[in-house]
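In the text below, chain A, chain B and the rest are named by the order of the sequence lines, each starting its count at 1. If you're wondering where the values come from, they're calculated on a predicted model, not measured in any experiment.
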Amino acid sequence: MDYKALAELLFPDIIKTTDYYESIYPERNLPEGAKVTRFAPSPTGFVHFGSLFPVLVGERLARQSGGVFYLRIEDTDSKREVKGAEQDIINCYKYFGITFDEGITAGGAYAPYRQSERKEIYQTYAKKMVAEGKAYPCFCTPEELEEIRARQEAEKVTPGYYGKYVKCRDLDLDTVKDKLEKGIPYTIRYRCTGNANNKIKFTDLIKGTIELTENEIDHIILKSDGTPTYHFAHAVDDHLMRTTHVIRGEEWLPSLPYHIQLFSALGFKMPKYMHIAQLMRLEGNAKKKLSKRDKGASLSYYIQEGYAAESVLEYVMTLLNSNFEDWRRANPNEDLNKFPFSIKKMSPSGSLFDLVKLNDVSKNVVSRMSAEEVYNKLTVWAEKHDPEFYTILMRDPEYAKAILSIGRGGKNPRKDFAVWSEVKNYIGFFYNEYFKITDSIQGDFDKKDIIACIDGFLETYDSNDDQTAWFDKIRKVAEDNGFCPSVKDYKDNPTGYKGHVGDVSMFLRIAVTGKLNSPDLYQVMQVLGAEETKRRLFSFKNNI
RNA sequence: GGCCCGUUGGUCAAGAGGUUAAGACACCGCCCUUUCACGGCGGAAACAGGAGUUCGAUUCUCCUACGGGUCACCA
C-alpha cells in the first residue's frame, strides 16, 4: 500500500509540512522548571463552577513557576457552540481575577488559540499520519456503525471500531479514489496497534501510578467535516503550544491510553498530567456530580449573588490544597497568591460542595476587608443587581462607609454578611427608604413605661457622649423608671423590677433600627446622627 | 455489563505500621455581653466490611460492598 499516495489523495490542498509548524511554534524559552498550563473550555454557554478548580490549579502552577497560563477555545463542535459564550468565559474568570498570559484576546506566539482556526494544522498532522500508515480514511455510515455496535452488544464484547469489526482499515487506493469521487463522506481514523489485553502503567501527578488497559480502538481523529476530535486536537495543540502540564477533569482518565498512543504515533513528547476529581453535591444519601441544572453550578450564580471573588477563590483553595486553611490562620492578611500551592497537597478523591462552608469562608474574607473596600465592591455589585440600592449608596459615600465601618477592624470584627445581596438587610435601616419597624417589643411592658423610658433617654441624650457616658445615662433612665440598671441584679430579683436595662435598650433599638437585633446601638446612633436618632425616637413613641 | 478511579466524624480533611486518630465548617452546652454578631471554653461525632502479612494494621496485599467516572463523527 502506498500510504504517501493515499495521503496526497486525501489531502491534496495541504502543502505545508509538520516541520513547518514545528519551526514556527518552537520550544518555549523559559527558565528551568517553568510550567506551561492552559485552560481549554468549549464555548457551550455555561461556565461551570467546577471549572474553577483546574483553572486555579493551572494558573497557580504556571505563575508560581514563572511559566505561562493560556486560554484555548475548543470549538471544534459547531453543533454545540453558543454565540457569546467565549466572552462569557472571559468575563466570568475576569471577575475572579483570573487572567491569561496568552489566548484568544491576549494573543501570543502560539496563535491561533481557537481550534476552529487551526484546521489546517490538524490536517497537516493527520496527513502525516496517513502518509506513515498510522491513519486511514473510513467511509462507514452512521448506520453501519450502529450495526456494528448492535452486533457487539449481542456478542457482549466491548463496543468500538476495532479488530474484526473494522471495515475500512485496508481499503486499496482505487477503492478510496472511487469513493472520494462519488463524494462519500469519510472520517480519518487512527490505525491502532494496541491490544486490550495489555496493561500500561501511567503516573498521574495527583492520582499517582495507575494501571490502565491499552486502547485497541481505531478512534476518529478527523471528523467528516475535517475538524479534529478532542483527542487529536489535544495531542496536536498541547504539543505545539508546548504545554508542560495538562490539568483536566478525571473524566478524561479513561481516554488517556489512547492519548498516549497518539502522542507516540505523532512523535510528540508527553506532557505531565493532572486529573482532578469531580465536584459533587449531596442528593439524599448519594453523591452526585454537580450538574448544569443545580443551583450554584454556574459560576455566574456567584457573581449574581454577590460573592466577592476572593471568597470563592479562598473556598476553592481550601478544597484544592489541604494545608491552605492552616496557612491562612498563620497569615490572616496575606494575599491569596502568596500561598505556596502544592500538587502534593491535592486530594485524589472528589469533594462535596458545601455552601455553608463557602459562606463561612466568605464572612471571614469580607470581615478582613476595609470599609472602603467593602463599599467599592458592594457598589460595583449593586450597580448591576440592585440599581435602587446602588443609587442610595452613591448618594453619600462617606455615610455609607461610616455604616460599613461599624464593628469592622480590630481583633474580632463582626462577620455579618457573606454576600453583597445580604447587605441591604443588615444596613437598610440607616436609610429612610428602607427603614421600617419590623420587629415588635418582646415581653410584657406597659406602654406608659416604654414611652417614659424613651422620653427619659431623649431628655439626656447627647451625641458628644462617649459610649460609657451614653450607656450610664441609659442605666439612669432605667433606674428612674423602675427598671433594674444591672441585668445580673435583675436576675437575682426579677420580681422587684419592671424589667432591666437590656429591656430599655431594646425599646431604643427597635425605635431606632426597627429591629430586635442590630450592630452596636451606640455606634448606630453616632452614624445616624443626633437629629435622625431623635426623630425616630419621637416618631416611635408617638405611634406606639 | 467491561474498564478505571475513589472510600478517616454530617461535610472538608491531617496523619503514621504502635498516636489520647489533628484541625476547620455545621451541631450542642457554658462563658463574655444592653440585642445580634464576634470571641473564649467544653461536648458529641470517624478510619466501609471481610480475609491475609505482621508481635501489632485504620496505614501494606487481596476480596466484597458502596460511591463516582467512562465506553460518540461531545468535549
Side-chain angles (χ1 to χ4, degrees), chain A residues 40-44 74-77 79-80 115 138 140 142 145 149 153 156-161 185-189 196 199 204 207-208 210-213 217 219-231 233-234 248-257 275 277-278 280 282 285-289 315 318-319 322-326 328-329 345 347-361 363 367 407 410-417 426 439 442 471 474-475 478 485-487 500-506 508-510 513 515-522:
Chain A
S42 295
T44 55
E74 311 227 320
D75 56 348
T76 55
D77 186 13
K79 292 185 292 292
R80 294 207 313 159
Q115 289 185 330
C138 171
C140 286
L145 295 174
R149 197 192 333 273
E153 225 160 273
K156 290 194 166 46
V157 297
T158 311
Y161 205 78
Y186 66 95
T187 59
I188 303 292
R189 282 183 188 273
K199 296 281 182 195
D204 178 273
K207 304 229 172 231
I210 50 184
E211 201 172 64
L212 297 160
T213 308
I217 293 171
H219 285 294
I220 289 169
I221 61 174
L222 244 41
K223 298 183 258 185
S224 55
D225 64 358
T227 60
T229 53
Y230 167 84
H231 313 282
H234 155 52
R248 41 144 69 155
E250 68 178 351
E251 70 269 22
W252 292 108
L253 220 40
S255 51
L256 190 63
H275 288 92
Q278 300 277 331
M280 303 294 182
L282 208 57
N285 287 325
K287 281 186 178 182
K288 293 277 180 246
K289 197 170 155 179
Y315 171 65
T318 64
L319 294 184
S322 50
N323 57 331
F324 175 75
E325 286 185 279
D326 292 335
R328 175 51 82 200
R329 261 191 295 282
K345 286 291 181 182
S347 166
S349 59
S351 45
L352 215 52
F353 179 72
D354 187 350
L355 193 74
V356 177
K357 176 89 180 186
L358 200 211
N359 285 336
D360 176 73
V361 168
K363 281 181 179 175
S367 78
K411 259 253 175 272
N412 301 319
R414 297 183 65 88
K415 297 175 182 175
D416 287 323
F417 36 80
Y426 279 94
D439 289 347
Q442 298 292 297
F471 195 62
I474 296 178
R475 279 209 162 94
S486 149
V487 180
H500 56 78
V501 65
D503 295 321
V504 178
S505 298
M506 169 177 63
L508 300 174
R509 173 169 289 109
I510 290 190
T513 70
K515 297 193 287 191
L516 233 22
N517 304 326
S518 79
D520 185 81
L521 192 57
Y522 171 75

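Across all strands shown, B/C3 pairs with B/G69; the Watson-Crick or G-U wobble distances both stay below 3.5 Å. For B/A14, there is no paired base (Watson-Crick or G-U wobble, both distances below 3.5 Å). Applying the Watson-Crick and G-U wobble criteria (two distances, each under 3.5 Å), B/U54 pairs with nothing in any strand. When both distances must be under 3.5 Å, the Watson-Crick or G-U wobble mate of B/U34 does not exist. Base-pair partner of B/C47: not found among the strands shown (Watson-Crick or G-U wobble, both distances under 3.5 Å). Under the Watson-Crick or G-U wobble criterion, with both distances below 3.5 Å, B/G42 is paired with B/C28. Across all strands shown, B/U20 remains unpaired; no Watson-Crick or G-U wobble contact has both distances below 3.5 Å.
For A/N412, whose side chain is taken as the heavy atoms from C-beta onward, the closest listed nucleotide among B/C25, B/U34, B/C38 is B/C38. For A/E251, whose side chain is taken as the heavy atoms from C-beta onward, the closest listed nucleotide among B/U70, B/C4, B/C25 is B/U70. In the set B/A26, B/C36, B/C74, B/C74 carries the atom at the smallest distance from any side-chain atom of A/K223. With distances taken from any side-chain atom of A/L352 to the nucleotides B/C38, B/U34, B/U11, the minimum falls on B/U11. Of the listed nucleotides (B/C5, B/G69, B/C12), B/C5 has the atom at the smallest distance from the side chain of A/I210. With B/C5, B/C25, B/A75 as the candidates, the nucleotide lying closest to the side chain of A/E250 is B/C5. In the set B/G68, B/C36, B/A14, the nucleotide with an atom closest to the side chain of A/R414 is B/C36. In the set B/A75, B/U34, B/A13, B/A13 carries the atom at the smallest distance from any side-chain atom of A/S347. With distances taken from any side-chain atom of A/K79 to the nucleotides B/C4, B/C74, B/A75, the minimum falls on B/C74. In this structure, the nucleotide among B/G39, B/A75, B/C5 sitting nearest to the side chain of A/D77 is B/A75.
Distance noted for atom C1' between B/A72 and B/C66: 29 Å (whole Å). Here, B/A26 and B/U11 have their C1' atoms 8 Å apart, quoted to the whole Å. The gap from the P atom of B/A57 to that of B/G18 amounts to 11 Å, rounded to the nearest Å. The same atom, P, is picked in B/A22 and in B/U61; the two are 25 Å apart, to the nearest Å. B/A44 sits 43 Å from B/C3 when the C1' atoms are compared, rounded to a whole Å. Comparing the same atom, C1', in B/A37 and in B/C47 gives a spacing of 37 Å after rounding to whole Å. Comparing B/A13 with B/C25, their C1' atoms are spaced 11 Å from each other, to the whole Å. Rounded to the nearest Å, the gap between the P atom of B/G42 and that of B/G9 is 24 Å.
A/T213 comes within 4.0 angstrom of the backbone, heavy atoms only, and of no base. Within 4.0 Å of A/K363, counting heavy atoms only, lies no atom of the nucleic acid at all. Nucleic acid contact for A/S42: sugar-phosphate only, since backbone atoms but no base atoms lie under 4.0 Å from a heavy atom of the residue. A/L319 comes within 4.0 angstrom of the backbone, heavy atoms only, and of no base. Within the nucleic acid shown, A/R328 has no heavy atom closer than 4.0 Å to any nucleic acid atom. Across all strands, A/K515 comes closer than 4.0 Å to no nucleic acid atom at all (heavy-atom distances). Using a 4.0 Å heavy-atom distance criterion, A/D520 is classed as a base contact. The residue A/S224 sits close to a base: some heavy atom pair falls under 4.0 Å. Using a 4.0 Å heavy-atom distance criterion, A/T44 is classed as making no nucleic acid contact.
The distance from atom OH of A/Y522 to atom C1' of B/A37 is 20 Å, rounded to the nearest whole Å. A/L212 has its CG atom 15 Å from the P atom of B/C71, to the nearest Å. Regarding A/L521, its CG atom lies at a distance of 12 Å from the P atom of B/U35, rounded to whole Å. In this structure, NZ of A/K345 is placed 10 Å from C1' of B/A13, rounded to the nearest angstrom. In this structure, A/D326 places its CG atom 10 Å from C1' of B/A13, rounding to the nearest Å. Between A/Q115 atom CD and B/C74 atom C1' the separation is 12 Å, expressed in whole Å. In this structure, A/F417 atom CZ and B/A37 atom P are separated by 15 Å, rounded to whole Å. In this entry the distance linking CG of A/L516 with C1' of B/A37 reads 14 Å, nearest Å.
Taking the 5.5 Å centre cut-off and the 30° plane limit, the aromatic side chain of A/Y230 is not classed as stacked on B/C74.
Dashed line: the shortest gap from a side-chain N or O of A/S351 to OP1 or OP2 of B/A13 is under 4.0 Å. Contact annotation: A/S322 reaches the phosphate of B/A14 (side-chain N/O to OP1 or OP2, under 4.0 Å). Remark: A/K415 is not in phosphate contact with B/C36, judged by side-chain N or O atoms under 4.0 Å from OP1 or OP2.
Projected onto RNA chain B by closest heavy-atom contact, A/K411 and A/D360 fall at different nucleotides, the more 5' of which corresponds to A/D360. With the nearest nucleotide of RNA chain B identified for both A/S505 and A/Y186, A/S505 has the one nearer the 5' end.
With respect to the salt-bridge test (charged N to carboxylate O, under 4.0 angstrom), the residues A/D77 and A/R80 qualify.
Without hydrogens or angle criteria, A/K363 side chain to A/F417 main chain gives no donor-acceptor distance under 3.5 Å. Between the side chain of A/R475 and the backbone N or O of A/P485, at least one donor-acceptor pair lies under 3.5 Å. Of the possible polar contacts, none joining the A/N359 side chain to the A/V356 backbone as a donor-acceptor pair under 3.5 Å is found.
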Practice task
Apply side chain to side chain contact (heavy atoms under 4.5 Å, CB included) to the pair A/S518 and A/Y426, showing each step before the final yes or no.
Solution key: CA-CA 8 Å; A/S518 79; A/Y426 279 94; over 6 Å; no
Exercise for the section: Begin from the C-alpha positions of A/K515 and A/I510 and carry the test side chain to side chain contact (heavy atoms under 4.5 Å, CB included) through to its verdict. Expected result: CA-CA 5 Å; A/K515 297 193 287 191; A/I510 290 190; over 6 Å; no
Practice task
Using the side chain to side chain contact (heavy atoms under 4.5 Å, CB included) rule, take A/V487 and A/V501 through it: C-alpha gap first, then chi angles, then the decisive distance, then the call.
Solution key: CA-CA 7 Å; A/V487 180; A/V501 65; 4.1 Å; yes
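Relative orientation of the A/Y315 and A/F353 rings is perpendicular, given thresholds of 30° and 60° on the angle between their planes.
Side chain to side chain, A/K223 and A/T229 fail the donor-acceptor criterion of an N or O pair below 3.5 Å.
The two residues A/R414 and A/D520 come nearest to each other via the heavy atoms NH1-N, 4.4 Å.
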